[in-house]
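Atoms within a ligand are numbered from 1 in the order they appear, just like the ligands themselves.
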Amino acid sequence: MKIKYTTKNQRISIEIENDSIKDAFKHLAEFQEVFDQEACGLCESDNLQMIVRTVDSNDYYEIRCKDCTAKLAFGQHKIGGSLFPKRKKQDGSYDSKGKGWHKWNGNSA
Ligand SMILES: [Zn+2]
């Protein structure tokens, strides 16, 4: 069973081959969580760029807003290699304002 999907902003289209409905659900869930980011959580710009930074042989996956330089960082599931957006603040509470989008302080930006 093949599924075609296009992100809400029309920029990325994929075709996924699936064994079952559950398989398709998982594939789409993984894809949407990473690629279906419509806009920056801080300035609402859709001028977004995917970035992978490698530091000490660890890869860091993030989406950067090219207008206000805010970033949305992704965590990595230990099994399966999928990614999830980090929506929580450093104190562990849900970031309801920026939905995980934030600006780096210091020199890492
Ligand atoms: Zn922004």
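For residues 49-85, every residue pair satisfying the ring pair (Phe, Tyr, Trp, His ring centres under 6.0 Å) rule, not counting sequence neighbours, is listed here: H77-F84. Within the structure, ring pair (Phe, Tyr, Trp, His ring centres under 6.0 Å) contacts touching residues 9-30 (residues at least two apart or in different chains) do not occur.
Taking each heavy atom of L42 and K103 in turn, the nearest pair found is CD1-CG, 4.1 Å.
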Run K66 and S45 through side-chain contact (heavy atoms from CB on, under 4.5 Å) and show every step you take.
CA-CA 8 Å; K66 291 167 98 172; S45 164; over 6 Å; no
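Residues passing the side chain to side chain donor-acceptor pair (under 3.5 Å) test with S13 are T6, sequence neighbours excluded.
Donor-acceptor pairing under 3.5 Å is recorded for the side chains of Q32 and Y5.
The tally of protein N/O/S atoms under 2.8 Å from the Zn ion (ligand 1) stands at 4.
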